[in-house]
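Residue numbering restarts at 1 for every chain, and letters A, B, ... go by the order of the sequence lines.
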Amino acid sequence: MHLSAHEIEFRNQRLAHLETLKAAGHRPYGRAFERTGSLADVRAAFAEGLAVRVAGRVVAVREMGKSVFAHLQDGTDKFQIYVQKNALGDESFAAFKAVDLGDFIGLEGELFTTRTGEQSVKVLRWELLSKALHPLPEKWHGLSDTEVRYRQRYLDLIANPEVRRVFNARSRILSFIRRFLEARGYFEVETPVLQTMAGGAIANPFKTFYNALGQSMYMRIAPELYLKRLLVGGYDKVFELGKNYRNEGLDRSHNPEFTALEIYEAYGDVKTMMKLVEELVSGAAQEVCGTLQVGKEGQEQIDLTPPWRVATYRDLVLEKAGADWFEKSVAAAREWARARELDIPNEMTHAQITHEVYDKLVEKTLIQPTFVTRLPAELVPLAKRCEDDPSVVDVFELVVRGRELCPGYTELNDPLDQRARLEEQAAGDAAKIDEDFLRALEHGMPPAGGMGIGIDRLVMVLTGEESVRDVMLFPQMKNREPKPEEPQAE
RNA sequence: GGGACGGUAGCUCAGUCGGUAGAGCACGAGCCUUUUAAGCUUGUGGUCGCGGGUUCGAGCCCCGCCCGUCUCACCA
């Protein structure tokens, strides 16, 4: 811990205050303190003259000679306390002067309303519960240095109430999802994070080593292949809510570890999943935001009222690139895309150029919730082909505010087609084929629908936050100084 | 990885032309028994991100590096 001379001085002052309080009979780091209730409870049950016991962190102090006003903050609210010399006695009042901003105290007293109309507690007895040795961030502007906000999130949470609201919303969204799915008969399961093959998606995994078995392991990039084994095993409706880990870049919509919800339903298909995700997301919005119009002030509001727009991949591309797009030669398509400042290497196929057009020109214009359906089969190796056109698969990608929020499939349960598709994707590298998964499929998996929701992105949509770092308590940050023994990337 | 921008007191931020580093909050001392961004008096507090360079003199100019934000690219 590196402290400046100034910080050391602050800390020494507070240590001296701690000694003063010890001398006055306080336990420096307190003990359990029985409360009448949280500050929010006390506010809700407010009655003039009512005796209460409350506790919290001291976040503001206004000294006025023989009396002191202060504010206590706990996880629920902020509440004013009033400390008077003649109510406490000289000793206890003098000791209170050694309470610093940031300290936790517990107290008993009675409720009253001040001249200016603020509900407050008149303190009759108080005790120190914990001493803070560092000052709080600035009381008016809060903490705005983004780096400190993420690295020392606790300071952000103390100083910036709107940050707390985002994480409260996140908690309520997770809670809603579980209740919603349980009420519809889905079972919550947990499958391995440490896997011998990282399947179910296409992404670089984090690699590690398990000493006891002497084998390398991967952190999962998706739970999909294990959940499908459970469909084989007879679970009809399952979901898993947990972390995935991807060894990829870091930007405002990607963090190396992120929370995903995956749901599988036997005897369902992509339409089952579309209906489910509409109800799930709009239900969460109604419960957590109290409305289906979500977004921060100044943002385009997202209207989550079902039913949402459904459009095929092909139609969306045609809308942007012209009705003759798929009749164009590769060269003509390449020229058209390059004229729109897309980076198109010569070896790109027509399908790849099309995807580039979709990715760069179509997807980010889809602000209101849109199900993009019938994607090219080569993009989605784990989905079933459409019966009327085997070049596309029976899937949707839900796009909101220009970002993919949730893919959903009619799952591929044909073990022979699945093997062919995985082999094609592995491009001859047999080590990339998950034989154990294929064996499970060969035991018979019922037809099923499945989907995955990026929870962090869902929270972003519902709270209007624009960076994934603002909806994760502890986003990934780089070490300030590289460790000397740090291995370099391969 | 490229580009733009940022890093100055514990926090929020100024800092002019290259010429003695500032304010508010916080903190210390003093006054104040219904204040609330309390108020009044007064004082303390600096590795100007790090390392070089130019210069009589660098927070400011130049070079390299670190961290962050945005953005583009990569990855899919």
Worksheet item: Has the side chain of A:Arg62 got a donor or acceptor atom sitting under 3.5 Å from an opposite partner on the base of B:U35?
Response: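 Result: at least one qualifying N/O pair found.
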Practice prompt. State whether the distance check finds a donor on one side and an acceptor on the other, under 3.5 Å, for side chain A:Thr114 versus base B:U35.
Written response: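 Such a pair is found, so the answer is yes.
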Check the phosphate of [N] against [X], side-chain N and O only, distance under 4.0 Å to OP1 or OP2. Yes or no?
X	N	answer
A:Lys85	B:U33	no
A:His6	B:G10	yes
A:Ser4	B:G10	yes
A:Ser144	B:C13	yes
A:Arg252	B:U69	no

Checking base pairs now: Watson-Crick or wobble, both atom distances under 3.5 Å. What partners [N]?
N	answer
B:G45	none
B:G1	B:C72
B:G24	B:C11

[X] [atom1] to [N] [atom2], straight-line distance once rounded to whole Å:
X	N	atom1	atom2	answer
A:Phe79	B:U35	CZ	P	17 Å
A:Glu7	B:A9	CD	P	10 Å
A:Leu15	B:C27	CG	P	16 Å
A:Gln13	B:U44	CD	C1'	9 Å
A:Gln80	B:U34	CD	P	12 Å
A:Glu9	B:G10	CD	P	10 Å

Using 4.0 Å as the upper bound for N to carboxylate O, is an ion pair formed by [Y] and [X]?
X	Y	result
A:Glu435	A:Arg419	yes
A:Asp414	A:Lys384	no
A:Glu162	A:Lys296	no
A:Asp156	A:Arg164	no
A:Lys122	A:Glu110	no

Discussion item. Both conditions, 6.0 Å and 45 degrees, for the charged tip of A:Arg229 above the ring of A:Tyr226: are they met here?
Written reply: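 So A:Arg229 does make the cation-pi contact.
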What does [X] touch in the nucleic acid at a heavy-atom separation under 4.0 angstrom: a base, only the sugar-phosphate, or nothing?
X	result
A:Arg151	sugar-phosphate
A:Tyr82	base
A:Arg149	nothing
A:His254	nothing
A:Asn86	base

Fill in: Rounded C1' spacing from B:G7 to B:G51 in Å
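Looking at atom C1' only, B:G7 and B:G51 are 16 Å apart.
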Worksheet entry | Position toward the 5' end of RNA chain B (nearest nucleotide), A:Glu147 or A:Trp140 |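 By nearest-heavy-atom nucleotide position, the 5'-most residue is A:Trp140.
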Practice prompt. Could you check A:Thr113 against A:Leu136 and say which one's nearest nucleotide on RNA chain B is further toward the 5' end?
Written response: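 It is A:Leu136 whose nearest nucleotide is closer to the 5' end.
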Worksheet item: Which atom names give the shortest non-hydrogen contact between A:Pro407 and A:Gly452, and what distance separates them?
Response: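 Closest approach of A:Pro407 to A:Gly452, heavy atoms only: CD-O, 2.9 Å.
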Worksheet item: Looking at B:G68, B:C11, B:G28, which one has an atom nearest to any side-chain atom of A:Asp100?
Response: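 Nucleotide nearest to A:Asp100's side chain: B:G28.
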Worksheet item: Quick check: are there more than 12 heavy atoms from other residues, nucleotides or ligands sitting under 6.0 Å from NZ of A:Lys432?
Response: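 For A:Lys432, atom NZ is not crowded (no more than 12 foreign heavy atoms under 6.0 Å).
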Under 3.5 Å between N/O atoms: give me all the protein pairs with nucleotides 73-76 of chain B, atom names plus distance.
residue : atom : partner  : partner atom : Å
B:C75   : O2'  : A:Glu248 : OE1          : 2.9
B:C75   : O2'  : A:Glu248 : OE2          : 3.2
B:C75   : O2   : A:Glu248 : OE1          : 3.3
B:A76   : O3'  : A:Ile202 : O            : 3.2

Item to complete: Before giving the answer on side-chain contact (heavy atoms from CB on, under 4.5 Å), spell out for A:Phe258 and A:Arg246 the whole-Å C-alpha distance, their side-chain angles and the decisive distance to 0.1 Å.
Response: CA-CA 8 Å; A:Phe258 61 98; A:Arg246 295 187 182 178; 3.6 Å; yes
